[in-house]
Amino acid sequence: MASISGICTSSSTFKHQKRSPPLLPPPFTVRSLASTPAPCQIRSRTLVSLHSVARDIPADLSRTDGGFPNKGLEKDWEALWHRYVDWMYQHKELGLFLDVSRIGFTGEFVEEMEPRFEAAFRAMKDLEKGAIANPDEGRMVGHYWLRSPALAPNLFLRSQIEDTLDAICEFADDIITAKIKPPSSPAGRFTQILSVGIGGSALGPQFVAEALAPDNPPLKIRFIDNTDPAGIDHQIAQLGQELASTLVIVISKSGGTPETRNGLLEVQKAFREAGLEFSKQGVAITQQNSLLDNTARIEGWLARFPMFDWVGGRTSEMSAVGLLPAALQGIDIREMLAGAALMDEETRNTTIKTNPAALLALCWYWATDGVGSKDMVVIPYKDSLLLFSRYLQQLVMESLGKEFDLAGNRVNQGIAVYGNKGSTDQHAYIQQLREGVNNFFVTFIEVLRDRPPGHDWELEPGVTCGDYLFGMLQGTRSALYSNDRESITVTVQEVTPRSVGAMVALYERAVGIYASLVNINAYHQPGVEAGKKAAGEVLALQKRVLAVLNEASCKEPVEPLTLDEIADRCHASEHIEMIYKIIAHMAANDRALIAEGSCGSPRSVKVFLGECNLDDIYA
Ligand SMILES: O=P(O)(O)OC[C@H]1O[C@](O)(CO)[C@@H](O)[C@@H]1O
């Protein structure tokens with residue numbers, strides 16, 4: 001078999017060599033690590049030396065009819081089989097497997113990464129002991145304590161966690177058994193949940209609802225996770241008369257996120273219009289003494305649950321944020337916690353090969369050169385796991401997407417995440433993955449159990465519907481590999497509260513470890529503030545525009561203003577484009593604003609208000 005070897009002196013040469021279509025099933029490559037993550041590493045490419053392991057190769061793997069193994073090259077498929085067996089990770093109790101054989105890291109690479117992993121394991125240990133792992137915000141990072149309260153650094157925190165869990169279970173039971181009822185529901189019990197929250201205050205609950213809610217849950221859940229008025233109206237309209245039996249859970253760690261506040265105000269208006277008392281149906285999950293907490297307390301809402309300072313939004317699925325909605329849908333939250341705790345236990349281990357989170361971090365580092373040079377495409381082959389990729393998108397990208405490292409160097413780190421589900425995506429973008437730009441690695445999520453026992457049937461001799469799904473996954477994995485596209489496969493027996501809890505914990509830890517490998521703070525999100533601040537400035541400018549227009553419109557006769565005049569009177573000439581957009585948006589929404597001229601030629605536009613308010617001028 002031919003081997004390709006040689007030293008590349010620049011990353012571009014390397015990329016060219018590495019990504020050109022191989023004549024053979026692609027050999028694994030050796031990379032030399034620079035001391036810091038850098039795109040211009042010097043790397044050599046040689047065949048990996050594989051450990052010799054089991055010899056009993058199943059008959060089906062020795063076939064040469066397409067996919068991998070292929071091209072009749074026994075040595076390659078044999079080597080790959082050894083690699084598969086050698087690197088396979090299995091958690092027996094959780095029924096979870098991790099296959100990293102289709103990521104091409106080498107023994108040498110793993111060895112070179114060892115010191116970084118040692119540092120990462122130390123950092124994780126310190127974090128779990130209560131170190132200030134989020135230095136910018138001076139916060140502890142304690143989501144691991146949520147499923148193992150005994151590990152919390154003090155008794156106060158431990159009892160906070162345990163008491164909250166008990167309170168969640170008790171409240172959920174009381175709601176489900178109608179011990180707590182809505183005041184004026186014909187059903188005599190709560191039947192619906194309307195969850196209002198965004199980002200980490202929505203994505204976990206959405207993922208878990210889709211993954212685990214039974215077909216007929218005690219309460220059905222829907223979400224308002226945006227400040228889109230039409231989206232909000234749609235959710236409320238869908239509830240219709242059932243608004244009277246809807247439990248509204250408002251979730252916001254900070255208690256001041258504008259989208260969530262708007263959602264709350266919109267829902268409260270719908271309650272008023274329906275003659276319903278919101279406070280009897282409202283629940284808040286937020287930090288103590290936040291704006292939301294104070295509102296809920298003063299207005300006497302039905303219940304309040306704490307969100308802890310030391311739990312970040314994107315790692316809050318095992319806090320009240322995720323647990324309360326899950327429990328209300330009849331999902332066994334203690335099982336979710338047990339799954340996460342088992343995974344935590346396993347991922348505390350400091351041997352890369354037997355620590356699945358470390359293995360993931362290793363693969364991410366290899367695949368992305370430790371600088372995010374490739375995207376992570378997450379494809380669960382199971383409809384109920386559809387939202388896993390969306391959930392991971394925030395967990396990974398908000399955690400790893402950072403401008404500076406912990407030493408203050410500009411690094412612009414991150415790994416882009418996207419994906420929906422298989423085999424659906426095969427009929428969408430997998431064409432590009434197989435043959436187009438090689439700028440990604442795939443994570444397949446495989447679920448062994450197709451459907452509950454006793455329901456399966458063969459839709460053609462010897463083949464079930466689930467066999468097709470299995471075949472599609474395996475086929476895509478092979479087809480990608482044979483064209484030099486790397487992939488990881490995470491396999492679980494079934495989608496259960498336990499396996500979902502374990503997967504959440506697995507990725508939380510992998511993100512934490514990877515962040516240490518590349519030396520960034522995974523637990524803050526300073527970049528989000530820029531967009532929030534800019535949005536606030538747009539709304540402030542809108543108020544100034546309205547004040548200027550009001551003044552001109554109160555004149556006799558009314559004085560229509562050009563955009564230049566408005567910008568000038570707002571002392572915001574540099575924001576004239578934004579002023580134009582503000583006016584176009586208000587005009588499209590019947591806001592008592594009259595714009596003459598054509599919106600297509602902004603210079604011709606003259607604007608005044610249909611009504612003027614003298615009080616505003618003299619206020
Ligand atoms: O729970 P909160 O405070 O409303 O925040 C919602 C989301 O907004 C962010 O802070 C980003 O703006 C996320 O980190 C968080 O999950």
Side-chain angles (χ1 to χ4, degrees), residues 124-134 137-177 179-180 197 200-201 204-205 208 247 249-255 282-297 300-328 331-345 347-348 497-498 501-502 504-505 508-509 512 523:
M124 291 307 285
K125 200 168 170 192
D126 292 347
L127 174 147
E128 288 201 281
K129 279 192 175 153
I132 303 295
N134 180 354
E137 299 177 3
R139 290 183 212 266
M140 296 189 290
V141 173
H143 46 273
Y144 300 107
W145 311 328
L146 296 169
R147 44 265 190 163
S148 303
L151 295 182
N154 60 56
L155 280 177
F156 174 71
L157 294 184
R158 178 179 176 163
S159 62
Q160 262 192 328
I161 299 166
E162 289 169 343
D163 294 350
T164 303
L165 181 58
D166 290 344
I168 288 169
C169 292
E170 195 184 327
F171 182 75
D173 274 355
D174 288 352
I175 294 283
I176 291 171
T177 58
K179 197 167 159 194
I180 301 177
S201 293
V208 166
L247 188 71
I249 308 181
V250 186
I251 310 177
S252 174
K253 178 179 174 180
S254 61
V283 175
I285 302 177
T286 185
Q287 284 188 109
Q288 223 179 0
N289 292 325
S290 72
L291 187 61
L292 173 60
D293 190 43
N294 292 336
T295 306
R297 183 169 39 76
W301 293 15
L302 186 57
R304 291 182 290 136
F305 293 91
M307 171 80 181
F308 307 118
D309 166 64
W310 39 266
V311 175
R314 54 188 171 276
T315 51
S316 63
E317 179 46 35
M318 306 284 160
S319 74
V321 170
L323 297 182
L324 180 63
L328 288 162
I331 296 166
D332 188 338
I333 59 173
R334 293 199 189 264
E335 271 294 288
M336 262 171 67
L337 290 165
L342 280 171
M343 182 53 77
D344 287 343
E345 219 174 286
T347 53
R348 271 181 206 116
R498 188 171 274 238
V504 167
E508 283 177 351
R509 183 82 63 162
Y523 308 105

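Values below: every heavy atom of this structure, side chains too, minus hydrogens, waters and symmetry copies.
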Closest approach of [X] and [Y], non-hydrogen atoms and distance?
X	Y	result
A338	R498	CB-NH2, 3.9 Å
P149	R158	O-CG, 3.4 Å
G200	V321	O-CG1, 3.7 Å
P497	I331	CG-CG2, 4.2 Å
G255	S252	N-OG, 2.9 Å
V141	A133	CG2-CB, 3.7 Å

If I take atom [atom1] from residue [X] and atom [atom2] from residue [Y], how far apart are they, to the nearest 0.5 angstrom?
X	Y	atom1	atom2	result
R304	T295	CZ	OG1	10.5 Å
C169	L324	SG	CG	9.5 Å
I249	S201	CD1	OG	12.0 Å
I161	W310	CD1	CH2	3.5 Å
L342	L337	CG	CG	11.0 Å

Between [Y] and [X], is there a side-chain heavy-atom distance shorter than 4.5 Å?
X	Y	answer
T315	L146	no
R509	M343	no
L151	R348	yes
V208	M336	yes
Q160	P306	no
Y523	H143	yes
D309	Q287	yes
M140	P153	yes

Within the distance-only criterion (no hydrogens, no angle test), does the side chain of K253 pair as donor or acceptor with the backbone N or O of V311 below 3.5 angstrom?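 Side chain of K253 to backbone of V311, a donor-acceptor pair under 3.5 Å: yes, one is there.
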
Check for a donor-acceptor pair, side chain of S148 on one end and backbone N or O of W145 on the other, with a separation under 3.5 Å.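 Here the side-chain-to-backbone pair does not exist.
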
Could I get the full list of side-chain contact (heavy atoms from CB on, under 4.5 Å) partners for A172, not counting sequence neighbours?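 A172: side-chain contact (heavy atoms from CB on, under 4.5 Å) contacts with A327, L328.
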
side-chain contact (heavy atoms from CB on, under 4.5 Å) with E137: which residues, sequence neighbours excluded?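 With sequence neighbours excluded, E137 shows a side-chain contact (heavy atoms from CB on, under 4.5 Å) to N134, R139, H524, Q525, given in chain and number order.
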
Parallel, tilted or perpendicular, judged at 30° and 60°: which one describes the rings of F171 and F305?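 Geometry flag for F305 against F171: perpendicular rings.
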
With sequence neighbours left out, write down each residue that passes side chain to side chain donor-acceptor pair (under 3.5 Å) with S290, or none if nothing qualifies.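 Here the qualifying residues are T286.
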
Using a 6.0 Å cut-off, check whether atom CD of E162 has over 12 heavy atoms from anything other than its own residue.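 For E162, atom CD is crowded (more than 12 foreign heavy atoms under 6.0 Å).
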
Salt bridge or not between K179 and D173? Use side-chain N to carboxylate O under 4.0 Å.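 No.
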
Name the one of I333, I285, T164 that satisfies side-chain contact (heavy atoms from CB on, under 4.5 Å) with L323?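 Of I333, I285, T164, side-chain contact (heavy atoms from CB on, under 4.5 Å) with L323 is met by I333 alone.
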
By the definition salt bridge (Lys or Arg N to Asp or Glu O under 4.0 Å), identify the one residue from E345, E508, E317 that meets it with R147.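 Answer after filtering E345, E508, E317: E508.
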
